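Remember, predicted model here, so these are calculated numbers, not experimental data. Numbering of residues begins at 1 and proceeds along the displayed sequence. Every number for a ligand or one of its atoms is a count from 1 in the order of the listing. These numbers come from the heavy atoms of this one structure, side chains and all, not from hydrogens, waters or symmetry mates.
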Amino acid sequence: MKKIIVDDDMCIGCGYCCASSDVFDMSDEGRAFAKDNNLDEMEESKKEELLEIKEGCPVGAIKVEEN
Ligand code: SF4
């Protein structure tokens, strides 16, 4: 399964991903997280949107994990 995840240690809480998609939300600690992260079950357009946001993260904290 391919998942989109936010690396907690890298996220600087800039809010870009949360403002760009409702898939991302901000934790009380000021770190983003992905609420719906299973890329395999997403529509192609949604997947592409998330991958674009991934590229836009200023610190590269959004990653795709496969397991
Ligand atoms: S865009 Fe990157 S640094 Fe900014 S909140 Fe999202 S994961 Fe964190």
*Work out how many protein N, O or S atoms lie closer to atom 2 (Fe) of ligand 1 than 2.8 Å.*
1
*At what distance, to the nearest 0.5 angstrom, does CZ of Phe33 lie from SG of Cys18?*
8.0 Å
*List the closest protein heavy-atom neighbour of atom 5 (S) of ligand 1: residue, atom name, distance to the nearest 0.1 Å.*
Gly15 N, 3.3 Å
*Side-chain heavy atoms of Glu43 within contact of Lys47, under 4.5 Å*: no
*Tell me, please, which residues at least two apart from Asn38 pass side-chain contact (heavy atoms from CB on, under 4.5 Å).*
Met1, Asp40, Glu41
*How far apart are the C-alpha atoms of Met42 and Asp36, what are their side-chain angles, what is the distance that settles it, and do they pass the side-chain contact (heavy atoms from CB on, under 4.5 Å) test?*
CA-CA 9 Å; Met42 271 176 210; Asp36 170 20; 4.0 Å; yes
*If you look only at pairs with a residue in residues 15-32, which of them pass as a salt bridge (Lys or Arg N to Asp or Glu O under 4.0 Å), with sequence neighbours excluded?*
Asp22-Lys46
Please tabulate, for side-chain N and O atoms in residues 56-67, each donor-acceptor pair with protein atoms closer than 3.5 Å (sequence neighbours left out).
residue: Lys63; atom: NZ; partner: Asp7; partner atom: OD2; Å: 3.3

